[in-house]
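Reviewing the structure listed below.
Within every chain, numbering begins at 1; the chains are lettered A, B, ... in the order of the sequence lines, protein sequences first and strands thereafter.
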Amino acid sequence: MSKTLAPQSATNMAEQNPQGVDPDAVSVSVDVSAAPAEASAAPTAPSPGRTADKVFKICAWSAGILIFLALAAVTIFLILRALPAFTGDPAVRSSALESLSGGRASNFASYVGPLLFGTILIAGLSLLLAFPVSTGIALFITHYAPRKLSTALSSVVDLLAAIPSVIYGLWGALVLVPAITGFWNWVATYLGWIPIFAGPAAAPARSVASVALVLAVMILPIITSVARDIFAQAPRLQQEAALALGATKWETIRLAVLPFARSGLISASMLGLGRALGETMAVLMILSPGFSYSLHILQASTSQTIAANIASQFPEADSMGVAMLVATGLVLFVITFLVNFLARRITGKGVSK
Amino acid sequence: MASAQGHTSAQLAAKPVIDFDRFRPTRSSIRARKRRNALMTGLIALSFVVALIPLISVLWVSLSKGLKRLNWDFLTHNMSGVVGGNPTATGGHGGILHAIIGTLEVTAGAMIISVPIGVMCAVFLVEYASGGRMARAISLLVDVMSGIPSIVAGLFAFSMFAALVGPSTVNGFSGSVALSLLMIPTVVKTSEDMLRIVPGDLREAAYALGVTKQRTITKIVLRTALPGIVSGVILAIARVIGETAPLLIASGFIASTNPNLFSGRMTTLPVYVYNEYSQGLAVCGPGSPAGCVAGIRMERAWAAALALIVVVLVLNLLGRLVSKVFSVQEK
């Protein structure tokens with residue numbers, strides 16, 4: 001056993017620990033064939049693997065602690081870089097904000113406010129669109145499709161997640177926007193009496209509504225995969241009992257599956273929301289940015305998101321401008337952190353299984 | 001207890017008259033329930049079709065538009081010396097060689113940082129701190145970390161290099177750091193899952209033979225879990241290789257090939273796609289040469305997007321294949 005294992009495991013070691021435990025990894029992989037003999041011969045003498053053991057343990061612990069450090073570092077460096085935005089010379093600060101916002105904001109709160117509003121509006125709308133569809137897909141995969149088909153369908157949904165966001169942006173801007181402009185016009189004409197659909201619709205439709213649609217496609221896979229896992233865990237016996245009492249398939253789902261899945265669905269939608277809040281490229285490439293608290297999702301140039309604003313303003317910003325943008329990034333970080341934290345908390349120990 | 005019994009017997013004595021016919025399903029109510037069931041079945045199946053529309057559209061459009069420019073010349077040239085829509089000396093219109101090199105280097109950098117950290121963190125979670133308060137806190141943080149917006153990761157890398165190296169340091173490695181922040185959680189999660197399904201018997205057998213913990217983990221546990229970890233790493237790479245926003249900030253854009261990861265701006269494929277798209281139409285006036293194409297930037301964007309999709313899908317398939325072929329046999 002050890003003979004066949006030795007050469008492979010030496011390469012295995014090299015792959016697993018390119019940096020971590022170099023000296024020990026080398027010594028261990030060299031003396032591996034001698035190891036069993038030594039271990040059985042001298043149980044009282046200090047084993048040669050003892051130091052390697054210790055080093056490995058330290059490595060594992062430090063990798064764990066590194067996760068703490070990484071998150072702390074993210075926070076610290078962002079605060080460090082954003083600090084001038086709050087402590088710098090007031091005149092420089094307000095002039096930087098005026099150049100960033102086109103003269104519409106002179107203090108940080110009035111700058112980040114509309115951006116935050118736009119971020120939450122767009123993410124909320126996309127969640128509203130994606131949630132019913134992905135719940136439906138998850139139910140279809142777990143309760144309607146035959147077993148063989150359902151694994152194939154799952155991987156089809158995963159394909160949606162695999163496509164990079166920049167390609168969704170390209171697709172949204174060059175394919176979806178021209179195709180959907182007519183439809184939004186129709187909505188604005190006939191449903192315009194509902195305030196949020198008030199016209200005139202933007203042409204081309206580089207509006208909040210189109211962006212929300214693309215973001216909905218992008219967050220669909222994550223909500224679907226979490227919802228699917230939750231639905232698959234719904235108690236089998238209760239469903240069978242409902243069926244035995246003569247409930248139809250939909251009634252079974254409504255009585256025995258959905259109540260069980262409620263907290264999981266909330267957590268899934270928050271995960272989707274977290275993803276949508278931070279999405280940059282699709283918004284940057286599709287939306288024509290605005291700077292207002294407007295709920296008119298079909299009109300042109302009403303809102304902008306924090307993430308897209310950073311990406312679009314960053315290349316031209318001066319030092320104080322960068323500090324302002326990093327400060328808005330910090331706001332985004334805090335919000336997504338809270339949303340994700342709550343999402344994981346709701347289902348208890350996480351939902352990855 | 002006694003009073004409760006008395007209560008029920010009193011009630012029984014009263015003998016309430018229940019009209020059971022009231023609860024008998026009428027034909028119309030049965031029909032209504034059936035209709036409702038059919039409606040919901042239809043809606044649920046429809047939701048799947050709705051999700052397929054964008055997927056098919058994205059794949060179809062990138063294929064049909066991307067194939068126009070995706071040729072050998074496009075793959076082997078960079079963008080230096082390309083002016084507007086004018087053709088270059090080789091007859092092409094510029095290409096993505098520099099972006100391919102940049103993508104490979106930046107992603108490799110991210111991999112080298114995040115794979116050891118991620119795998120060791122998973123080892124820590126499963127083998128050393130299993131179930132403890134520390135382990136729970138770290139897995140919560142890993143979960144939360146996977147939700148960090150990519151642009152914030154870019155800002156972090158930029159701020160860190162600005163603080164440690166010098167103001168406005170922009171290079172490929174800074175992009176690697178940003179990507180590794182996004183990659184670590186995925187690597188940790190998949191490795192953790194894989195380490196957990198390694199049977200405890202294997203560990204116990206190794207310990208019983210007097211093998212040290214480090215050797216048990218590296219030679220037995222990690223070896224058994226290796227295929228799963230490899231497939232997880234491949235999937236994590238497939239995820240970060242398409243990231244644009246952090247690299248836009250941390251690595252910038254350049255038209256020529258830069259082979260040095262640690263100095264100078266570096267272009268990656270997604271940034272290339274965005275950059276071509278954001279420049280809009282090229283000017284093809286009366287004075288331009290014969291082969292001038294006004295929409296060349298969109299064509300290049302689609303071709304690069306197709307190349308990116310191919311890379312991502314191949315990586316995804318590879319990851320799935322590895323995990324399927326070498327998967328640990330579960331009972």
Please classify the contact between A:Leu153 and chain B as side chain, backbone, both or neither, with a heavy-atom cut-off of under 4.5 Å.
both

Side chain, backbone, both or neither: which part of B:Leu52 has a non-hydrogen atom closer than 4.5 Å to chain A?
side chain

Of all heavy-atom pairs linking B:Ala305 and A:Leu170, the shortest is CB-CD2, 3.9 Å

Heavy atoms of A:Phe77 and B:Ser159 approach each other most closely as O-CB, 3.5 Å

Go through the atoms of B:Leu155 and report whether side chain, backbone, both or neither lie under 4.5 Å from a heavy atom of chain A.
both

Side chain from CB out, backbone as N, CA, C, O: work out which of these in B:Ser139 comes under 4.5 Å of a heavy atom of chain A, or both, or neither.
neither

With a 4.5 angstrom heavy-atom cut-off, which part of B:Leu141 approaches chain A: side chain, backbone, both or neither?
both

So which of B:Leu235, B:Val271, B:Ile217 has the largest heavy-atom pair count under 4.5 angstrom toward chain A?
B:Ile217

Which portion of A:Val322 sits near chain B, non-hydrogen atoms under 4.5 angstrom
side chain

Let me confirm one number: the CD1-OG1 distance from B:Ile44 to A:Thr135, rounded to the nearest 0.5 Å.
9.5 Å

Against chain B, work out which of A:Ile167, A:Asn340, A:Leu220 has the most heavy-atom pairs shorter than 4.5 Å and name it.
A:Ile167

With a 4.5 angstrom heavy-atom cut-off, is it the side chain or the backbone of A:Leu66 that approaches chain B, or both, or neither?
side chain

Verdict with supporting geometry, A:Ile163 and B:Leu55, side chain to side chain contact (heavy atoms under 4.5 Å, CB included)
CA-CA 9 Å; A:Ile163 293 174; B:Leu55 182 67; 3.7 Å; yes

Picking from A:His143, A:Lys249, A:Arg254, A:Glu251, which has the most non-hydrogen pairs under 4.5 angstrom with chain B?
A:Glu251

Any donor-acceptor N or O pair under 3.5 Å, side chains A:Trp171, B:Ser57:
yes

When the 4.5 angstrom heavy-atom criterion is applied to A:Lys57 and chain B, the contacting part is both

Given side chains that start at C-beta, do those of B:Met134 and A:Trp61 come closer than 4.5 Å, heavy atoms only?
yes

Got B:Ile148 and A:Phe337 here, is their nearest side-chain heavy-atom distance under 4.5 Å?
no

Measure from the side-chain N and O atoms of A:Tyr144 to the backbone N and O of B:Ala45, and report whether any donor-acceptor pair falls under 3.5 Å.
no

Report yes if some heavy atom in the side chain of A:Val157 is under 4.5 Å from a heavy atom in the side chain of B:Phe48; otherwise report no.
yes

Point-to-point distance, once rounded to the nearest 0.5 Å, from CD1 of B:Ile117 to SG of A:Cys59:
11.0 Å

Could you have a look at A:Ile310, A:Ile65, A:Leu139 and say which one has the most heavy-atom pairs with chain B under 4.5 angstrom?
A:Ile310

Set out, in order, the CA-CA distance, both residues' side-chain angles and the distance that settles side chain to side chain contact (heavy atoms under 4.5 Å, CB included) for B:Met145 and A:Ile67, then state yes or no.
CA-CA 9 Å; B:Met145 206 169 153; A:Ile67 301 289; 4.1 Å; yes

Looking only at heavy atoms, what is the nearest atom pair of A:Leu160 and B:Ala51, with distance?
CD1-O, 4.0 Å

At a 4.5 Å cut-off on heavy atoms, which part of A:Val74 comes close to chain B: side chain, backbone, both, or neither?
both

Is A:Pro164 close to B:Val312 at the side-chain level, that is, under 4.5 Å between some pair of heavy atoms?
yes

Heavy-atom cut-off 4.5 Å, strictly under: side chain, backbone, both or neither for B:Leu43 against chain A?
neither

How close do B:Met120 and A:Ala60 get, heavy atom to heavy atom, and via which atoms?
CE-N, 3.5 Å

Validation row, ring centre B:Phe158 to ring centre A:Phe314 under 6.0 Å
yes

Given a strict heavy-atom distance threshold of 4.5 Å, which part of B:Ile241 is in contact with chain A: side chain, backbone, both, or neither?
neither

With chain B as the partner, which of A:Ala162, A:Ala145, A:Pro315, A:Ala130 has the greatest number of non-hydrogen pairs under 4.5 Å?
A:Ala162

Identify which of A:Ala216, A:Gly278, A:Gly136 forms the greatest number of heavy-atom pairs closer than 4.5 Å to chain B.
A:Gly136

What part of A:Leu71 gets closer than 4.5 Å to chain B, counting heavy atoms only: side chain, backbone, both or neither?
side chain

Could you check whether any side-chain heavy atom of B:Leu39 comes within less than 4.5 Å of a side-chain heavy atom of A:Trp250, counting everything from C-beta outward?
no

Side chain proximity check, B:Pro149 to A:Thr280, heavy atoms < 4.5 angstrom
no

Heavy-atom nearest pair, B:Phe156 first then A:Leu78, reads N-CD2, 3.9 Å

So for A:Met281, is it side chain, backbone, both, or neither that comes closer than 4.5 Å to the heavy atoms of chain B?
side chain

Atom CG in A:Asp53, atom NZ in B:Lys213: separation rounded to 0.5 Å?
8.0 Å

Classify the ring geometry of B:Tyr128 against A:Phe56: parallel below 30°, tilted from 30° to 60°, perpendicular beyond 60°.
tilted

Given heavy-atom pairs under 4.5 angstrom as the criterion, report whether the side chain, backbone, both or neither of A:Val217 touches chain B.
side chain

Side-chain heavy atoms of A:Leu332 within contact of B:Ile151, under 4.5 Å
yes

Between the CG atom in B:Asn316 and the CG atom in A:Asp158, the distance rounded to the nearest 0.5 Å is 8.0 Å

Would you call B:Ser146 and A:Arg344 a side-chain contact if the rule is heavy atoms closer than 4.5 Å?
yes

Heavy atoms of B:Thr244 and A:Ser165 approach each other most closely as OG1-OG, 4.5 Å

Could you look at B:Asn37 and say if it's the side chain, the backbone, both or neither that has a heavy atom under 4.5 Å from chain A?
both

Show the numbers, then the answer: is there a side chain to side chain contact (heavy atoms under 4.5 Å, CB included) between A:Val166 and B:Leu308?
CA-CA 10 Å; A:Val166 69; B:Leu308 185 58; 4.1 Å; yes

Heavy-atom contact with chain B under 4.5 Å, split by part of A:Leu80
side chain

